[in-house]
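Here it is, the structure in full.
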Amino acid sequence: MEFLDDGNYELREIQTLEGHTDRVWSLAWKPTAGVDGVAPVFASCSGDKTVRIWEQSASSRSWNCKAVLEEMHTRTVRSCAWSPSGKLLATASFDATTCIWEDVGGDYECVATLEGHENEVKSVSWNASGTLLATCGRDKSVWIWEVMPGNEFECVSVLQGHAQDVKMVQWHPTMDVLFSCSYDNTIKVWWAEDTDSDNWHCVQTISESNNGHSSTIWALSFNAKGDKLVSCSDDLTIKIWGADITRMQSGDGYASWRHLCTISGYHDRTIFSVHWSREGIIASGAADDSVQFFVESKDDLIDGPSYKMLLKKEKAHDMDVNSVQWSPGERRLLASASDDGMIKIWELANTL
């Protein structure tokens, strides 16, 4: 593995994107864009009840808003996620619904509205094959929806287990294993042993008693290989977890996630977002208005992995940073979203 802590890096601000009239909660890069000559595209969602689609112009390299998705949600849009094919965009709202939008030649049509949560839907996530969608909400539940032909969505499981508001759901990048994190300070792992069955159940709860977080967990992200997970919390720490996924992939049953290390002492207010790049750089955004970057350190691998700060950008925004997301494209582009209503595009550049 290439250790990135050898280089000198700087964070260059490429552009600030204005348009939302309220705080921007979440960002999602289109997985099929930004590679092989296709222009990079991402979606942003906001307290202004809208979703915006942004695209980089091939000629000027500047970012422009290509579409505004509005008039479907009646309250804050909290989370957005593209299907793996990039054809569908799911948006979760405080109005208790999740909308599915289809990209029809650059026009976005709402083709399905998923109802069932009692109140605010906080997060939405597609599995790797695009056959399942997960949602979670303030009603403490996690829902799994099966994607049917003709843009039909059928709820196949309602998972109860969290004691509080569920902040985020995230599918494993290669397997149909679902992770959720909550205001109850736990991460829960959901699995159906028989892939054809709807018998989803909680196979692991990561809590403070097993090196977990001591306060609300806001976000989760996986490394590219899927054998490590990073979580961030109101307790001002970032935690790294590992599992023997080859065992699971070979059908040997569930492999538990275990604590590898804790990154602390960097953010001094709630850490809202964490995202792992393809190369292994963890970006974090927090209520201290900063964006920070961490990489695995090669210094002391004896006790397991440790992580060190690569770079810190103070005052990345004027207010809380709610979301940081790496682009799937070739360049090290990062988008950040804030309570200040702004989205910023950054490039992490090697100065050597």
Side-chain angles (χ1 to χ4, degrees), residues 4 9-17 20 23-31 34 40-46 52 54 56 63 77-82 122-125 167-168 170 173 181 216-224 228-234 236-240 263 266-295 307 309-329 331-349:
L4 293 152
Y9 291 87
E10 65 173 2
L11 193 64
R12 296 178 187 153
E13 186 177 327
I14 306 288
Q15 196 176 335
T16 297
L17 308 181
H20 283 296
R23 66 184 59 176
V24 186
W25 276 111
S26 183
L27 303 165
W29 292 86
K30 196 172 190 173
V41 173
F42 69 89
S44 60
C45 60
S46 164
R52 285 176 173 260
W54 307 86
Q56 188 179 33
W63 291 82
V77 187
R78 180 66 181 84
S79 171
C80 52
W82 296 93
K122 295 291 181 80
S123 174
V124 62
S125 175
K167 295 292 186 190
M168 190 182 200
Q170 190 71 44
C181 60
T216 303
I217 304 165
W218 282 91
L220 306 167
S221 176
F222 291 90
N223 66 349
K228 289 197 181 85
L229 167 71
V230 60
S231 57
C232 65
S233 168
D234 184 48
L236 313 185
T237 71
I238 294 168
K239 287 178 180 282
I240 313 284
I263 303 169
Y266 294 98
H267 286 290
D268 54 19
R269 294 189 63 190
T270 302
I271 307 166
F272 289 125
S273 181
V274 65
H275 194 232
W276 219 316
S277 81
R278 273 190 328 276
E279 308 171 283
I281 305 171
I282 296 170
S284 59
D288 59 14
D289 312 341
S290 78
V291 173
Q292 303 189 21
F293 300 87
F294 302 91
V295 287
Y307 286 74
M309 184 192 283
L310 187 71
L311 196 69
K312 176 179 186 176
K313 180 66 179 178
E314 303 262 18
K315 297 303 287 179
H317 285 270
D318 292 337
M319 295 169 77
D320 294 9
V321 180
N322 295 318
S323 182
V324 286
Q325 291 289 314
W326 290 102
S327 150
R331 291 171 66 198
R332 283 197 197 107
L333 291 180
L334 182 88
S336 61
S338 166
D339 275 6
D340 63 15
M342 303 296 172
I343 297 158
K344 292 191 181 186
I345 307 292
W346 311 85
E347 183 172 17
L348 183 64

- Query: What is the minimum heavy-atom distance between C232 and V274, and which atoms define it?
  - Reply: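 What the structure gives for the nearest pair is SG-CG1, 3.8 Å.
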ask   = When rounded to the nearest 0.5 angstrom, what is the spacing between CZ in R12 and CG in L348?
value =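 One gets 9.5 Å once the value is rounded to the nearest 0.5 Å.
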- Is a side-chain donor or acceptor of S273 paired with a backbone partner of V324 at a separation under 3.5 angstrom?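 Yes; judged by distance alone, with no hydrogens or angles, the pair exists.
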I need the H20 NE2 to D340 CG distance, nearest 0.5 Å.
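Rounded to the nearest 0.5 Å, the NE2-CG separation comes to 12.0 Å.
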Under the side-chain hydrogen bond (donor to acceptor under 3.5 Å, both in side chains) test against D289, which residue among K315, H317, K313 passes?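 Single side-chain hydrogen bond (donor to acceptor under 3.5 Å, both in side chains) partner of D289 among K315, H317, K313: K315.
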* Check for a donor-acceptor pair, side chain of S277 on one end and backbone N or O of W326 on the other, with a separation under 3.5 Å. =>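 Answer holds: no.
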Gap between atom CH2 of W218 and atom OG1 of T270 - 0.5 Å precision: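 Spacing of OG1 (T270) from CH2 (W218) equals 7.5 Å.
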W63 side chain to W54 main-chain N or O, any donor-acceptor pair under 3.5 Å?
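Not at all, since once roles are kept as given, no pair shorter than 3.5 Å links the two residues.
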key: R332/E279 ion pair, N-O < 4.0 Å   =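 A salt bridge links R332 with E279.
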Identify the heavy atoms of A287 and D320 that sit nearest to each other, and give their distance.
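Answer, listing the atom of A287 first, then D320: O-OD1, 3.5 Å.
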Can you measure from CD1 (I263) to CD1 (I240) and round to the nearest 0.5 angstrom?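 It is 4.5 Å, given to the nearest 0.5 Å.
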query = If you measure from CG on L311 to CH2 on W346, what distance do you get to the nearest 0.5 Å?
reply =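 One finds 10.0 Å between CG of L311 and CH2 of W346.
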**Item:** Considering all heavy atoms, the nearest L220-M168 contact
**Value:**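 That would be N-SD, 3.2 Å.
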*asked:* Has S327 got a side-chain atom pairing as donor or acceptor with L334's backbone, closer than 3.5 angstrom?
replied: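 No, the answer is negative, given that no donor and acceptor are paired below the 3.5 Å cut-off.
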Can you tell me how far the CD atom of Q56 sits from the CZ atom of F42, to the nearest 0.5 Å?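 Answer for the CD-CZ pair, Q56 versus F42, is 10.0 Å.
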query = Is it true that a side-chain atom of W29 and a backbone atom of P40 form a donor plus acceptor pair closer than 3.5 Å?
reply =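 Checking the backbone N and O of P40 against the side chain of W29, no donor-acceptor pair under 3.5 Å is found.
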N322 side chain to V24 main-chain N or O, any donor-acceptor pair under 3.5 Å?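 Yes, because the side chain of N322 sits within donor-acceptor range (under 3.5 Å) of the backbone of V24.
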Report the residue from Y266, Y307, W276 that forms a ring pair (Phe, Tyr, Trp, His ring centres under 6.0 Å) with F294.
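Single pass found, and it is Y266.
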_For the student: nearest non-hydrogen atoms of S79 and V124, plus distance_ =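 Looking at all heavy atoms of both residues, the closest pair is OG-N, 3.2 Å.
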Would you say K344's side chain and E13's backbone share a donor-acceptor pair under 3.5 angstrom?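 No; zero donor-acceptor contacts below 3.5 Å.
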Can you name the nearest heavy-atom pair linking E347 to R331, along with the distance?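 Reported closest heavy-atom pair: OE1-NH2, 2.9 Å.
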Between H267 and S290, is the side chain to side chain contact (heavy atoms under 4.5 Å, CB included) condition met? List the steps.
CA-CA 8 Å; H267 286 290; S290 78; 3.2 Å; yes
* Asked: Considering all heavy atoms of both residues, which atom of A28 and which atom of C80 are nearest to each other, and what is their separation?
  ->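 It is CB-O, 3.4 Å.
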Check whether S26 reaches the backbone of C45 with its side chain - one donor and one acceptor, N or O, closer than 3.5 Å.
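Looks like no, no N/O pair under 3.5 Å.
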| message | Tell me if a side-chain donor or acceptor on N223 pairs with a main-chain N or O of K228 at a distance below 3.5 Å. | response |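 Answer holds: yes.
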Open item on the list: Are F293 and Y9, when compared by the centres of their aromatic rings, separated by less than 6.0 Å?
Closed with: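 F293 vs Y9: aromatic centres not under 6.0 Å.
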When you measure from the side chain of S323 to the backbone N and O of S336, does any donor-acceptor pair fall under 3.5 Å?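 Such a contact is absent between S323 side chain and S336 backbone.
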